[in-house]
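Each chain gets a letter, A, B and so on, in the order the sequences are listed, and its residues count up from 1.
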There are 4 protein chains.
Amino acid sequence: MDDPLETAKARTRILDAAEELFAGGGYDATPTARIAELAGVPKGLVFHYFPRKIDVLVSLVDERTLVTEEDVEAVPGDPAGTLSKLARMLPLRASPDMRRILFREADTHRSVRDRLGRLNAEIIRRSRFALELALPGSRGDAARLEAAAATFAAVLLYQESLCLLTGHHIDPDAVAELIAHALG
Amino acid sequence: MDDPLETAKARTRILDAAEELFAGGGYDATPTARIAELAGVPKGLVFHYFPRKIDVLVSLVDERTLVTEEDVEAVPGDPAGTLSKLARMLPLRASPDMRRILFREADTHRSVRDRLGRLNAEIIRRSRFALELALPGSRGDAARLEAAAATFAAVLLYQESLCLLTGHHIDPDAVAELIAHALG
Amino acid sequence: MDDPLETAKARTRILDAAEELFAGGGYDATPTARIAELAGVPKGLVFHYFPRKIDVLVSLVDERTLVTEEDVEAVPGDPAGTLSKLARMLPLRASPDMRRILFREADTHRSVRDRLGRLNAEIIRRSRFALELALPGSRGDAARLEAAAATFAAVLLYQESLCLLTGHHIDPDAVAELIAHALG
Amino acid sequence: MDDPLETAKARTRILDAAEELFAGGGYDATPTARIAELAGVPKGLVFHYFPRKIDVLVSLVDERTLVTEEDVEAVPGDPAGTLSKLARMLPLRASPDMRRILFREADTHRSVRDRLGRLNAEIIRRSRFALELALPGSRGDAARLEAAAATFAAVLLYQESLCLLTGHHIDPDAVAELIAHALG
DNA sequence: AATGAATGAGAATTCATTCAT
DNA sequence: TATGAATGAATTCTCATTCAT
């Protein structure tokens, strides 16, 4: 605890530990004492930085998930490729651990749920936008476009979680191709 | 305890109460004492029937979700309608509460996860089968069919959960139509 | 439970089960439910025969340990042989399990302790008597004879227990020889 | 909690209380709540220091029984006196309470049993050594010496317990004299 | 005699949180 | 900032015992 480098980052180390533990066993199942232990700080210090346990989760979500807003460059005439590209640059800047936390705790914690909602809306928006650009002449069905965007967003968002929970892997590129074909 | 209706099935009332409470606040957040209270039985009786708390959850999943296996009747030439019909008779005989429980607890409880995995596999299988029947001449792309089935299953399964978590409603019929168009 | 042979002996089977379990894990650590289970009888029946749990232990001690009172035949001039013979026909008619129970529960249950006390007194009495007969001319030290009898009784009684607890085996014959030499 | 005497050592007070209660009613029969109560600390603090109840017992045995290893000074030519002296400085630094705990719980708790085994071995070793020194010319029977040492150790160790359980007091000095005579 | 559901008083243990230093 | 002892409410689970049938 004397190393200034170590000392300086107690708060960071607490968040690191929490991220790992929340992702592993879930928020409820993680005692603050174990966070402190893994972070290598005394128990009291956790409450110094985060007066209530829930604040650790909130801070984690606030500081470690970022819903970016840069749009993908659409390739006109190639909706499948455009969606695939979007899939590869998901507007969620977050570690895999943070992603698990986001999905897992959304059910029970409003602030997490809000963040997930915003993320979903953003993916839908960008999918729709990308598809519009990629399909220039698409005077086509707006409702179908909407369904396509929502479906793609759902697949992107839940892909990992789905695989984890059901054991079935789903390939975003194949879905991109499917959707492109539907709108083509 | 004299009311015959009450007396009939303490065990059933315990499961009823648990179903409601687990769906509401989650498994972890539900003390067995509250299950007993809502069921109108003494605390000890819960443990008489379910030696560990987790057994309540396991029994619930075992006894109250049924993955049926009757296939949907496909309408040749109408894949969209066929999928819509399938959506309406989900091979999951379970209350909305049980469905929430299934998704929420799958993350942490293997037996629940297993059941969810089986359910997902069954929906995929049936979607694929329905599409094959509905598209007689589909010498078409097997991979695309697969992607379609998996996508439709994901949407069906996560529909409710997605809406709850992200606030965004997704219409299975629109997705059915989308997929039909992609394969048509 | 239909076999008359089985039915007839429910009480006996309960005691059998209790004997085994009490010896194994101790009285306190043995739930009545497990006694019933091992005995193959419903839980309620245990309380039919033994209104309180302690009654099982008391009955066991009452019915399954017998402090016999037949004296050993002393061999004049051979105190060591006489004691050895006495060791081999301990005035305790009891299974090894019952013996463990006797020693283990004496500490906490008066009725068991009483039985153990009586047993000890009887062994001392018989040892003294045997030694007197075997050492005809022993107008010797009465106090030393008393110490010898008490020592031999202690060794006999605690032999097994001592071995179990300390891992050190003590040979009654060697002690008999030792004592004979001391008095000879 | 302001009294400095009280404040000094909550942990110590917990062990004090446990020592008293375990000796009195036994480990199983002593709820942690009563330990806390007697120690004058909140229940939770017991578990702060001793995560599981058994840790209280283990700590007690670890910290409050000491098997010393200083040998007794033998008096050549006076084996009885030497043994008596040994009896008076038992190689067990422990309160009477701790001694009761040691015997009572050895049956069910390995760590306690181990300590008792070591203690017994040490007493035998010392008795043998003392006798060898006290009987210089004893080229005598090694087996008899062994039996003597084991017997004396058994008597020393079980003396109290024996008296408590059987109501019969046994005098170590008389046994010492007896043994001396046997080897003399 | 037989049965097993019902009861409820504890038991150990967990843990967020406070607080004095 | 840092520390870890202190607190006590809450929780899961155990079990002897009762009782209606």
For the pair made of CG in C:Leu57 and P in F:dA16, what is the distance, rounded to whole Å?
13 Å
Ionic contact status for A:Arg100 with B:Asp107, cut-off 4.0 Å:
yes
CG of A:Leu21 versus P of E:dC15: gap in Å, rounded?
12 Å
Check the pair D:Asp28 / D:Arg104 against salt bridge (charged side-chain N to carboxylate O under 4.0 Å, His left out), numbers first and verdict last.
CA-CA 11 Å; D:Asp28 279 333; D:Arg104 180 185 254 160; over 6 Å; no
Please state how far atom CZ in D:Arg34 lies from atom P in E:dA12, giving the value in whole angstrom units.
11 Å
Pairwise distance CG(A:Leu102) to CG(A:Asp97) - rounded to 0.5 angstrom:
12.0 Å
Under a 3.5 Å distance rule, please check whether C:Arg115 uses its side chain to pair with a backbone N or O of C:Thr65 as donor and acceptor.
yes
How long is the line joining CZ of D:Phe50 and C1' of E:dT14, in whole Å?
18 Å
Go through B:Tyr27 and B:Val56 one step at a time and tell me if the side chain to side chain contact (heavy atoms under 4.5 Å, CB included) criterion holds.
CA-CA 10 Å; B:Tyr27 173 84; B:Val56 179; 5.7 Å; no
Counting runs of three or more consecutive pairs, Watson-Crick or G-U wobble, with each distance below 3.5 Å, where are the stems of DNA chain F?
E:2-21 with F:2-21
Working to the nearest 0.5 angstrom, can you tell me the gap between A:Leu45 CG and A:Thr32 OG1?
12.0 Å
Nucleotide nearest C:Pro42 (side chain, heavy atoms from C-beta), chosen from F:dT3, E:dA6, E:dA2
E:dA2
Inter- and intrachain pairs under salt bridge (Lys or Arg N to Asp or Glu O under 4.0 Å), touching residues 32-56 of chain C, at least two apart
none
For nucleotides 9-14 of chain F, give me one character per nucleotide, 5' to 3': B if any protein heavy atom sits under 4.0 Å from the base, S if the only such contacts are to the sugar-phosphate, - if neither.
-BSSBB
Take atom NZ of A:Lys9 and atom C1' of F:dT1, then tell me their distance rounded to the nearest Å.
17 Å
Heavy-atom pair with the smallest gap, counting every atom of D:His109 and D:Ile54
ND1-CD1, 3.3 Å
Between A:Leu45 (CG) and E:dT17 (P), how many Å, whole number?
16 Å
Which residue lies toward the 5' end of DNA chain F, A:Val46 or D:Tyr49, if each is placed at its nearest nucleotide?
A:Val46
To the nearest 0.5 Å, how far apart are CD in D:Glu20 and CD1 in D:Ile101?
10.0 Å
Given atom CD of D:Glu37 and atom P of F:dA6, what is their separation to the nearest angstrom?
18 Å
